[in-house]
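Please read the structure below before turning to the comments.
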Amino acid sequence: MTRRPKYIFVMGGVMSGIGKGITTASIGKLLQARGFKVNLVKIDPYLNVDAGTMNPTEHGEAFVLKSGLECDQDMGNYERFLGRDLLSDDYMTSGMVYREVIEKERQLAYRGNCVEAIPHIVDEILHRIQRSTKLHQSDVSVLEVGGTIGDYQNIMFIEAARILKLRHPEDVLFVFVSYLPIPPKIGEMKTKPTQNAIRLLNSYGIQPDIVLGRSEQPMDEKRRDKIAEFCNIRKDSVLSAPDVESIYDIPINFNRMKLDRLICRRLGLPDRRSNFNQWEKWVDLTHQAKEPLKIALVGKYFNSGDFVLSDVYISVIEAIKFSAYHLKRRPIIDWLSSQDFENKKQSLKKLNEYDAVIIPGGFGSRGVEGKIKAIKHVRQQGIPFLGICYGMQLAVVEFARNVLKLSAADSTEITPKSPDPVIDIILEQKEKLRQGRYGGTMRLGAYPTQIGRGTIAHQAYRADLIEERHRHRFEVNPDYIERLEAGGLVFSGQSPDGRLMEICELPRSVHPFFVGVQFHPEFQARPLEPHPLFTALLRAAIKKRH
Ligand code: GLN
């Protein structure tokens, strides 16, 4: 680091869900393309210590870092945009911050002082922000403050941002992402909610430097003038960010409207040339891919309204897209509810319409029998299949039931007293659950897998040793491995000590592509580095199609 680090806070107004996360990731990408060292930090206002204990239909996917920290799905977007692993220090929740302060208080770290939200919570937040900056040796830290201006929950973080600006006036920039509604009956874009949100932000002592107006349509001059005048912002710093087809277009659009140049100027950073070629080439590829490839995702979280759905499996969906574009195909991804296969609302024949079927991770017993039925179908019909985590475990259950004829085989997650517990809880996990320790105690984060030569997995990875991220409590029961293998299931990936089965597959002579993985490959798929396993699955899918 040659100069003082710079900090960009991204905050949101009017309502949530308008793309603060993608804005943060895109600003990071833009600065990275200019050769700056960048780190991205997500700040979540909730009291959960991590995102692992939250219901995915409410919160979306829990993204797992290499370190094993379970965090907000925005962190996945950050990794995908930057093309880099993030650290635990790049994520914070109110729960983490408060827990740390309270624990310090218990250890007399405050030496008898009265411990208060201000300054102690704010100090802890600042400490964490600066620790992340230091660890990455960043030129610029881009920090997304979760929630919306006006929430009570994120006030401490906004206060921390204000203090940082007070201490380093030249080095802190506030980007305000706000929503400009176009009420259908009125038919014109309204700036008032944004004006009010900025006024509220002003009341906290913060004046935004740059306003990004999110809307269905571009913002016209008149409205830019209004926001500039009424909110005391330079007009060149009021920018329009209309909806786009793909989130990956956004850094390119921002670059076109010279947001990166504006940021550099406002922060006193050198106006370097940006090198965006690779990203642009990739985005072109996403627009060019025409020939469709149909993929079915079979899961249980399917009855809560479409937009939540795509959030629950966002990393899986993005991973499919990256590999599809890489193979010059346009992915069509359908969500099929596994419960519909149970109550016969949906015929299993539906699966024949797809070029590949994926069963992603999951928990609990709802919809499990439907997933097992779907697995049996794709196994027998030769439809390319990838089972992820729970999807792999259920593939083993299906194999035990229908090939080994252990008709009552099950995971003990579903049937604790199963006579044939082919999937069973990992020993250390049992103790944790007995003690009621649920949060952050699964087998989490990156672990190595040794891959057997001559297998489908080896052909995909082209490596003997790989590392993938995990999030589970159950595993293949070692007592059944011999029988499963004798029946024809191949455990092509194992933990280096041979104790845990990490990948299973059927030989190519039996099935074109039938692979289950105990880990979550989707967490490491990146736009410019599509994941080899997803690419291998889609290659098989293309073959099936022709
Ligand atoms: N419920 C299974 C387990 O805990 C699978 C978890 C998952 O799919 N992430 O092992």
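As the structure lists them, so they are numbered: ligands from 1, and atoms in each ligand from 1.
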Original post:
Would you call Glu475 a ligand 1 contact, heavy-atom distance under 4.0 Å?
Top reply: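 Heavy atoms of Glu475 never come under 4.0 Å of ligand 1.
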
Identify, by atom number and element, the atoms of ligand 1 in contact range of [X], meaning under 4.0 Å from any of its heavy atoms.
| X | value |
| --- | --- |
| Cys389 | 5 (C), 6 (C), 7 (C), 8 (O), 9 (N) |
| Gly361 | 8 (O) |
| Arg471 | 6 (C), 7 (C), 9 (N) |

Closest protein heavy atom to [atom], given as residue, atom name and distance to 0.1 Å:
| atom | answer |
| --- | --- |
| atom 5 (C) of ligand 1 | Gly362 O, 3.3 Å |
| atom 2 (C) of ligand 1 | Glu413 OE1, 3.2 Å |
| atom 4 (O) of ligand 1 | Arg473 N, 3.0 Å |
| atom 10 (O) of ligand 1 | Phe474 N, 2.9 Å |

Original post:
Does any donor atom in the side chain of Tyr91 or Asp44 lie under 3.5 Å from an acceptor atom in the other side chain?
Top reply: yes

**OP:** In plain terms, say whether Glu291 and Arg330 are close enough for a salt bridge, that is, a side-chain N and a carboxylate O under 4.0 Å apart.
**Re:** no

Original post:
Can Asp410 and Arg401 be counted as an ion pair, charged N to O under 4.0 angstrom?
Top reply: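 Counted as a salt bridge, because a side-chain N and a carboxylate O are separated by less than 4.0 Å.
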
Report the distance from atom [atom1] of [X] to atom [atom2] of [Y], rounding to the nearest 0.5 Å.
| X | Y | atom1 | atom2 | value |
| --- | --- | --- | --- | --- |
| Met92 | Glu124 | CE | CD | 8.5 Å |
| Arg443 | His472 | CZ | NE2 | 4.0 Å |
| Leu336 | Leu348 | CG | CG | 10.5 Å |

Original post:
Can you find a pair of side-chain heavy atoms, one from Glu79 and one from Leu65, that are under 4.5 Å apart?
Top reply: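 Yes, at least one pair of side-chain atoms sits under 4.5 Å.
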
**OP:** Determine whether the side chain, the backbone, both or neither of Met442 has a heavy atom under 4.0 Å from any heavy atom of ligand 1.
**Re:** neither

